[in-house]
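To start, the structure itself, in C-alpha cells.
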Amino acid sequence: MSTALYVVIFSRGDWWVDVEGRASGPYRTKEDAAVEATHLARFASHSGHESEVLVPDENGRHRIVWASDEAPRYYAPTAAE
C-alpha cells in the first residue's frame with residue numbers, strides 16, 4: 001500500500017495542502033494549513049490508509065510532522081516562521 005502525502009505549500013500568496021495533486025485551501029497561515037493537513041491525514045489513517053504530513057521548515061525543506069505509522073509528531077512553529 002502506498003503512503004498518501006499531505007504537503008503544505010505556499011503558492012500565490014496563500015498556504016495550501018496538496019494531496020495527490022489536489023489542493024485544499026487556501027489557509028491564512030502555514031500553521032492553519034499544517035493543522036488541517038494533520039486532520040485530513042488522521043481521518044485517512046482511521047480508514048486504514050498510511051499517510052504523512054510534510055511542512056516546510058524555515059529553510060524551505062519539507063519535514064514530516066505527522067505519520068500514521070509512528071508516534072504522533074505535532075507541528076510546532078519556530079519564532080522565525
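Nothing fancy with the numbering, it's 1 onward along the sequence.
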Looking only at non-hydrogen atoms, find the nearest pair between [X] and [Y] and report the distance.
| X | Y | answer |
| --- | --- | --- |
| E20 | A4 | OE2-CB, 3.8 Å |
| A33 | W16 | CB-O, 4.3 Å |
| W66 | A41 | CZ3-CB, 3.7 Å |
| W15 | T29 | CD1-C, 3.4 Å |
| A34 | V53 | O-CG1, 4.4 Å |

For this session: Kindly check if the number of other-residue, nucleotide or ligand heavy atoms within 6.0 Å of CZ (F10) is above 12?
Result: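 Buried by this count: over 12 neighbours within 6.0 Å.
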
Would you say [X]'s side chain and [Y]'s backbone share a donor-acceptor pair under 3.5 angstrom?
| X | Y | result |
| --- | --- | --- |
| K30 | P56 | yes |
| S68 | S51 | yes |
| D57 | N59 | yes |

[X] [atom1] to [Y] [atom2] distance, which is reported to the nearest 0.5 Å:
| X | Y | atom1 | atom2 | result |
| --- | --- | --- | --- | --- |
| E52 | H62 | CD | NE2 | 12.5 Å |
| H46 | H49 | NE2 | NE2 | 12.5 Å |
| S24 | E36 | OG | CD | 5.5 Å |

Problem set entry | side chain to side chain donor-acceptor pair (under 3.5 Å) partners of S11, counting only residues at least two apart |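 By the side chain to side chain donor-acceptor pair (under 3.5 Å) rule, S11 matches no residue at all.
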
For this session: Could you tell me which residues satisfy side chain to side chain donor-acceptor pair (under 3.5 Å) with D14, sequence neighbours excluded, listed by chain and number?
Result: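 Once residues adjacent in sequence are excluded, D14 has no partner under the side chain to side chain donor-acceptor pair (under 3.5 Å) criterion.
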
Exercise. Hey, any chance V17 and F43 share a hydrophobic cluster, counting ILVMFWY side chains that come within less than 4.5 Å of each other, even indirectly?
Worked result: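 Different hydrophobic clusters.
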
Exercise. In this structure, which one of V55, D32, D18, V65 forms a side chain to side chain contact (heavy atoms under 4.5 Å, CB included) with V8?
Worked result: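 With V8 as partner, side chain to side chain contact (heavy atoms under 4.5 Å, CB included) holds for just one option, V55.
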
Problem set entry | Evaluation steps, side chain to side chain contact (heavy atoms under 4.5 Å, CB included), between Y6 and L54 | CA-CA 6 Å; Y6 294 76; L54 293 94; over 6 Å; no

